[in-house]
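Letters A, B, ... are given to chains in the order of the sequence lines, protein chains preceding strands, and every chain is numbered from 1. Computation of the quantities below employed the complete heavy-atom set of this structure, encompassing side-chain atoms and omitting hydrogens, waters and symmetry-equivalent molecules. The shown structure was predicted, so the numbers you read here are calculated from the model rather than taken from an experiment.
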Number of protein chains: 2
Amino acid sequence: MAKTEIESLRRLRDMPGALRRARRRKPGRRMNGTAVNVRGTIRERNEARILKAAEAVFAKKGFNGASTAEIARKAGVPKPNLHYYFRTKQLLYAGVLDNILEIWLDAMDEIRPGAEPAEALARYITRKLESSRLLPEPSRLWAMELISGARHVEPFLKKRLRRLVQQKSAIIRAWTEAGKIDPVEPEHLLFMIWAMTQTYADFAAQIAAVLGKDKLDEGVFAAARKTMVSLVLKGLRVR
Amino acid sequence: MAKTEIESLRRLRDMPGALRRARRRKPGRRMNGTAVNVRGTIRERNEARILKAAEAVFAKKGFNGASTAEIARKAGVPKPNLHYYFRTKQLLYAGVLDNILEIWLDAMDEIRPGAEPAEALARYITRKLESSRLLPEPSRLWAMELISGARHVEPFLKKRLRRLVQQKSAIIRAWTEAGKIDPVEPEHLLFMIWAMTQTYADFAAQIAAVLGKDKLDEGVFAAARKTMVSLVLKGLRVR
DNA sequence: TCAAAGCTTGATCAAGCGGTCAGGTTCTGA
DNA sequence: TCAGAACCTGACCGCTTGATCAAGCTTTGA
């Protein structure tokens, strides 16, 4: 789905290394049409394990701070095996981001042309916040990538995300014109919903420390949801 | 002011190195009471240059990703000279965070016992947003530190920031009891104001890309401020 | 049964890292 | 004028890093 956006990253693939030696052919399937690896799962299973480990390590230490050795250890494979499946660290990083883009966009389809603002906004906030609760590491990795300048996901931001925001903004503007909500700059409204919901994943350490907790429990997320929904619905005077 | 919070970090100072050799005495002033270096500026000027460069590099690459060589290059000094002023990378990082803690707390004194909610909240949001506009790099470095687990600033979060939030929360609760604003969980209200204002520094790359701009100009911040203030004031039904 | 493709891994490499050192130059107060 | 403190820096060190290699092992299709 969102595979194409980071295609440019793929093209960046470790140029120095690539020029030094012929490219290893990509295995996993045979050349002729017949499917091989009938269970076809060795590669898939190993790639998934490595990606999952990489997600956690990249999220905690950033691209530069993460080491392939640590990722390999966490995935339970020897380091050369990691490099067998992901030739370079850059490509591994691309693979991880690839997974995340879909999560990121997923909740936004709550904002539909026909929907009632109150329900649509409440559901959107709820889903985004659930992402922060259940998948904090992808959220943190995404945040790291943006803070670092978003070089790897720039094409995605400029094309796909921008287009999507324009579409959703039109819907929100229509709500205003129909007298269903107060006038608002829809793009900024979205930025603020993103910020509020993601802060409970990205800055969980700060929130937990301030609240005097070890980690954010369901009660914290419930209170956050209530505060957030109330703020947005009343803030827009949703009818 | 906020110097003591990271004292624990100072105690961490490069233990391996420190044990291997006697500590170099800290220069800059003579031992006897008389002030030396009457202009006293060589050390101050160099430390400031290095801190400024370090802030930018740490903000972009995180603690692990930043290299002392790059910081030194950016500061225009040879690498050994950087280590002359900041013995270890950890201590340099501590120095940078030290500067930031004060910025972070600064705006919060807008929320005062006597203040009217409408004005206090509007001014707080405005000041926080100005921080994001004028000092985006400290904000991004702070965000990186929190995402990475906040190990270096944990004492600050758990003691000073927590206490401050408790104080400000009491004030906000009093506003509710006085019937000046709707009931709200004050801690979460603060988390959301932090999130919304800082998103314009931390995730500037994403916002710029979505808006189709090269960088966030004053118009963007003006619109953000307007949206944010309106959302919070109406969301709390401030009288 | 077997050859080829896919998968695994201990050993190894060059590059970059944080940090040190020795020996210089400049500044300061008396 | 001068001794000592402060400041500066090219060369270097031990270690970790991303990545590679070569030699194995396992799976697969015919």
Within residues 69-81 of chain B, the residues having a heavy atom closer than 4.0 Å to DNA chain D are Pro78(B), Pro80(B), Asn81(B)
Could you tell me the separation between the [atom1] atom of [X] and the [atom2] atom of [N], rounded to a whole number of Å?
X	N	atom1	atom2	answer
Tyr85(B)	dG19(C)	OH	P	18 Å
Phe58(B)	dG18(C)	CZ	C1'	11 Å
Ile42(B)	dT9(D)	CD1	P	12 Å
Phe86(B)	dT20(C)	CZ	C1'	18 Å
Leu91(B)	dT20(C)	CG	P	11 Å
Asn64(B)	dG18(D)	CG	P	11 Å
Gln90(A)	dG18(D)	CD	P	12 Å
Arg45(B)	dC8(D)	CZ	C1'	12 Å

When you look at Glu137(A) and Trp142(A), which way does the side chain to side chain donor-acceptor pair (under 3.5 Å) test go after all the steps? CA-CA 8 Å; Glu137(A) 274 167 352; Trp142(A) 183 255; over 6 Å; no
Tell me which nucleotide among [options] gets nearest to the side chain of [X].
X	options	answer
Tyr84(A)	dA19(D), dC7(C), dT20(D)	dC7(C)
Lys89(A)	dC8(D), dA19(D), dC17(C)	dA19(D)
His83(A)	dT20(D), dT8(C), dC7(D)	dT20(D)

Partner residues of Lys158(A) under the salt bridge (Lys or Arg N to Asp or Glu O under 4.0 Å) criterion, sequence neighbours left out: Glu154(A)
Do Leu51(B) and Phe86(B) have side chains that get closer than 4.5 Å, going by heavy atoms? yes
Would you give me the side-chain donor-acceptor pairs under 3.5 Å for residues 65-78 of chain A, sequence neighbours excluded?
from, atom 1, to, atom 2, distance (Å)
Ser67(A), OG, Glu70(A), N, 3.0
Glu70(A), OE1, Lys61(A), NZ, 3.3

Does [X] make a side-chain N or O approach to OP1 or OP2 of [N] shorter than 4.0 Å?
X	N	value
Asn46(A)	dT8(C)	yes
Arg43(B)	dA6(D)	no
Arg87(A)	dA19(D)	no

With sequence neighbours excluded, tell me which residues meet side chain to side chain contact (heavy atoms under 4.5 Å, CB included) with Gln167(B). Arg163(B), Leu164(B)
Under the rule for side chain to side chain contact (heavy atoms under 4.5 Å, CB included), what residues qualify as partners of Met144(B), not counting sequence neighbours? Met144(A), Ile147(A), Ser148(A)
Compile the donor-acceptor pairs under 3.5 Å between side chains in residues 189-205 of chain B and protein atoms, sequence neighbours left out, one pair per line.
from, atom 1, to, atom 2, distance (Å)
Trp194(B), NE1, Tyr124(B), OH, 2.8
Thr197(B), OG1, Ile193(B), O, 2.7
Thr197(B), OG1, Trp194(B), O, 3.1
Gln198(B), OE1, Trp104(B), NE1, 3.3
Tyr200(B), OH, His188(A), ND1, 2.7
Asp202(B), OD1, Ser139(B), OG, 2.9

